[in-house]
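When a ligand or atom number is given, it counts from 1 through the structure's own listing order.
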Amino acid sequence: MTLNLNAIGKKIGPLVKEYTWKDPVLYALGVGAGFDDLEYVWEDGLKVIPSFSIASIFDFLAETAIKAEVDLSGILHGEQDIIFHNPIPPEGTLTTEGRLTDIYDKGKDKGAIVIAEANTFHLNGQKLYTNIFKLFCRKDGGFGGDPGPKETIKIPDREPDYTENAVPTKNQPLLYRLSGDIFALHIDTEYAKQSGFERPIMHGLCTHGYACRAVIKHLFPGNPERMNRFRVRFSKTVYPGTPIKTQIWKTGENEAVFRTINAETQDVILDLGKVEWLSSGEQARRKKLGDINFDGKVAVITGAGAGLGKAYALELSRRGAKVLINDLGGAPDGTGSSSSAADLAVKEIKNTGGEASASYDSVATPEGGRAVIDKAVKLWGRVDILINNAGILRDRTLAKMEPDTWKSVMDVHLNGAFHVTKPAYVKMKEQGYGRIVFTTSAAGLYGNFGQSNYSSAKMGLIGLMNSIKIEGENAGIKVNTIAPIAGTRLTREVIPPDLFEKLKPEFVVPIVLYLCSELCPVSGNVYNAGMGYFNRAAVVTGPGAVIGDGQTPPTPEEIALKMASIKSMDPPKEYFNATSALSPMLDAFNPESIDAGETAGCPEITVAAIFEKMPDAFQPDAAKGVDAIFQYTISGPNGGEWYSVISKENCTVDQGKHENPTTTIKMNDDDFLALMGGKLNPMTAYTSGKLKIEGDIIKSQLIDKLFKF
Ligand code: NAI
């Protein structure tokens, strides 16, 4: 069986986990904390050990292995690298999502490496950490793939600067497993023996927790929130009760390398460990700036030489982004051009130590739009953020609107946004990440006298956003629209002077930065913002009315009669896309949808019924070249023995015991029903011991494909 290379880039999650303060405490006890480090175990001022982060991703690990179609009998946790963005709160809800990023081939006898990356967010909106882990798949190498990069960490050739001794108790895995990793290998002696061990072994990630505590204790005691990165390779197993030693070498102001050894045999259990932590200055800076920062991000802002665009650029730069300031430098009606607006904004950023560059292209042409993005990519290799902000005004009433006046406004606002967004979107898709903000206006959303060109362009941008939100959904691209109100040169003539002074562009900046950040949870939204007031605008649809039977068109008179319910917006409903918006109409005339509602109480499915249906659920196409006999031993009151014989793309199912099965699957009846009903993840079932497989374990992984219920 070969690995599924198509899984690369595939999204995993979101997986949600709620936790209370007792979870980090239980984790801390599981990794040996006690009276010596009360801050980890006492709810009064509780601090969370950073390595607790892995407790939120066990299901993610399982999903990764399933997506890659790894041979489970050869799987080991290879490496774990955690990047911390914010301290972990003692309780809340964690949402983790990510993707399988790479599969490397070390060679036929050496195995394969499956790499996945998961970002975890707290319900409070903060991004907490990024876990990058490597699964070492001992039996999946030799498929002719790239061996991947070789990285190594040098352990200094001298005595360690610090050593931390610990003796995990003989019962340590029993406590540690309560944090989520309930793999039978750490509790079931019989299972451990089948896997080649004398008895249950320590969880590698439990030793990892001991090492995490040790480095904090010696390098930044009492401040786990300063941990910035913690990576390690798992190299050997150890039995509970064996003394361990974490050796630490400081290699820089804020970095150290470490390893953990078996103190009896001197075998290295955790190797090539590296820890990085924040200086107190950097920690203070992060605290001051709050949690949203743009370190390493590249932002392109059109029309950033003045007004709102410049305010966005300054704050993005202050928070770490590299900024491309695009501005044509013309008059408010778009006539003329000058490099000075963009140059001055760039200078201002550089004076404060930021990184910025100017682009003077007009967004109003396709070449101009492309040149803006090309410049950012040439300078910094990527585009993470695009704010479409450039704008002009040429107000006329419709009666006096000339095609040129109409077109020039369309060209800057609507066409301009297309010209810049298209190449940026392509780049973002390639990167698998992007944030796009469009700028609409109350004139477009609600209408304004003398602005039919401007209102049309501004509303057109919402249509553009609506489609991109769907097209970019699976590429990590989030797109939203802002309707600002601010005192700038565009509004000087229309806003009374006292109000003009109060409507500072800086009041619009916070929400735009939030929408540009990794934290941004929304896509396809429109927000009004000004002077510290923010609200959401949306297209909503009323419940509607059914007139007639869908066979004969109703008359205008019938419409007149029913107009009150047709125009009613009570209750309003928002739809994510055009198809879902059609569903009330289709449902209204679909008798099945009515019947479906009335068919309550489906008969409960039984284990025996599943085996009865098995031949119908068989997929001959997936069985090409497969010869296998699966024996199912299902315990519990609804259980029994069944076997299926797969041969020559055919399947038979019988009750009883086969004499010579290829693979035997053992489960209890409830777990089996949960598994078949998609409520129990097969990998979780396997690692927790709920699903026991004997014989050819690889063939068992085909079951998923051979039968579709
Ligand atoms: P602004 O005039 O201060 O800034 C707009 C910038 O866009 C200018 O620096 C201008 O040189 C640049 N620009 C114009 N045409 C360009 C082109 N073809 N290529 C590149 N750059 C170009 O105006 P403000 O108020 O900061 O406007 C920013 C955006 O916010 C505009 O899209 C505007 O329509 C929108 N808006 C502003 C409101 C407000 O109350 N200020 C209200 C609603 C929307």
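A distance of 7.0 Å separates CD1 in I547 from OG in S565, rounded to the nearest 0.5 Å. Here T439 contributes atom OG1 and L308 contributes atom CG; the two are 7.5 Å apart, rounded to the nearest 0.5 Å.
Among all protein heavy atoms, the one lying closest to atom 21 (N) of ligand 1 is L328 N, 3.3 Å. Nearest protein heavy-atom neighbour of atom 40 (O) of ligand 1: A486 N, 2.9 Å. Looking from atom 9 (O) of ligand 1 to the surrounding protein, the closest heavy atom is D327 OD2, 2.6 Å. Looking from atom 19 (N) of ligand 1 to the surrounding protein, the closest heavy atom is V363 N, 3.1 Å. Atom 13 (N) of ligand 1 has as its closest protein heavy atom A390 CB, 3.9 Å. In this structure, the protein non-hydrogen atom closest to atom 30 (O) of ligand 1 is T439 CG2, 3.3 Å. Distance from atom 27 (O) of ligand 1 to its nearest protein heavy atom, with residue and atom name: L490 CD1, 3.8 Å. Ranking the protein heavy atoms by distance from atom 42 (C) of ligand 1 puts P484 O, 3.0 Å first.
With contacts defined as side-chain heavy-atom distances shorter than 4.5 Å, the pair F438/I468 qualifies. Side chains of N388 and L461 form no contact here, defined as non-hydrogen atoms less than 4.5 Å apart. Taking the side chain as every heavy atom from C-beta outward, R435 and L515 never approach each other to under 4.5 Å.
The shortest N or O to N or O distance between A442 and ligand 1 is not under 3.5 Å. Considering backbone and side-chain N/O of S441, none are found under 3.5 Å from N/O of ligand 1.
Within the 4.0 Å heavy-atom cutoff, K458 counts among the residues contacting ligand 1. Ligand 1 is approached by I485 to a heavy-atom distance shorter than 4.0 Å.
A side-chain donor-acceptor contact under 3.5 Å links S455 to the backbone of A443. Using modelled atom types, no side-chain atom of R229 and backbone atom of I83 make a donor-acceptor pair closer than 3.5 Å.
Residue-ligand proximity, Y454 to ligand 1, at heavy-atom distances under 4.0 Å covers atoms 33 (C), 34 (O), 35 (C), 36 (N), 43 (C), 44 (C). Remark: ligand 1 atoms within the under-4.0 Å shell around heavy atoms of G330 are 11 (O). Atoms of ligand 1 lying under 4.0 Å from at least one heavy atom of I392, given by number and element, are 14 (C), 15 (N). In summary, the atoms of ligand 1 found under 4.0 Å from a heavy atom of G307, numbered by their order in the structure, are 3 (O), 26 (O). Close approach of ligand 1 to T491 (heavy-atom distance below 4.0 Å) involves ligand atoms 39 (C), 40 (O), 41 (N). For ligand 1, the atoms sitting less than 4.0 Å from at least one non-hydrogen atom of G329 are 11 (O), numbered in the order shown with element in parentheses.
In the displayed structure, K375 atom NZ is contacted under 6.0 Å by more than 12 heavy atoms of other residues, nucleotides or ligands. Counting heavy atoms of neighbouring residues, nucleotides and ligands inside a 6.0 Å radius, atom CZ of R382 exceeds 12 of them. For L398, the CG atom counts as loosely surrounded, since its 6.0 Å shell holds 12 or fewer non-hydrogen atoms of other residues, nucleotides or ligands.
In this comparison of T488, T440, N389, the heavy atom closest to atom 29 (C) of ligand 1 sits on N389. Relative to atom 14 (C) of ligand 1, the option among G391, G334, G303 with the closest non-hydrogen atom is G391. Selection from S362, G309, A306 by nearest heavy atom to atom 4 (O) of ligand 1 gives A306. Of the candidates H413, R489, R492, R489 brings a heavy atom nearest to atom 8 (C) of ligand 1.
Cation-pi contact between K17 and F60: absent, since separation from the ring centre below 6.0 Å together with deviation from the ring axis within 45° is not met. The side-chain tip of K502 does not point at the ring of F507 from less than 6.0 angstrom away and within 45° of straight on.
When all heavy atoms are compared, the tightest approach of K322 to W380 is CD-CD1, 3.3 Å.
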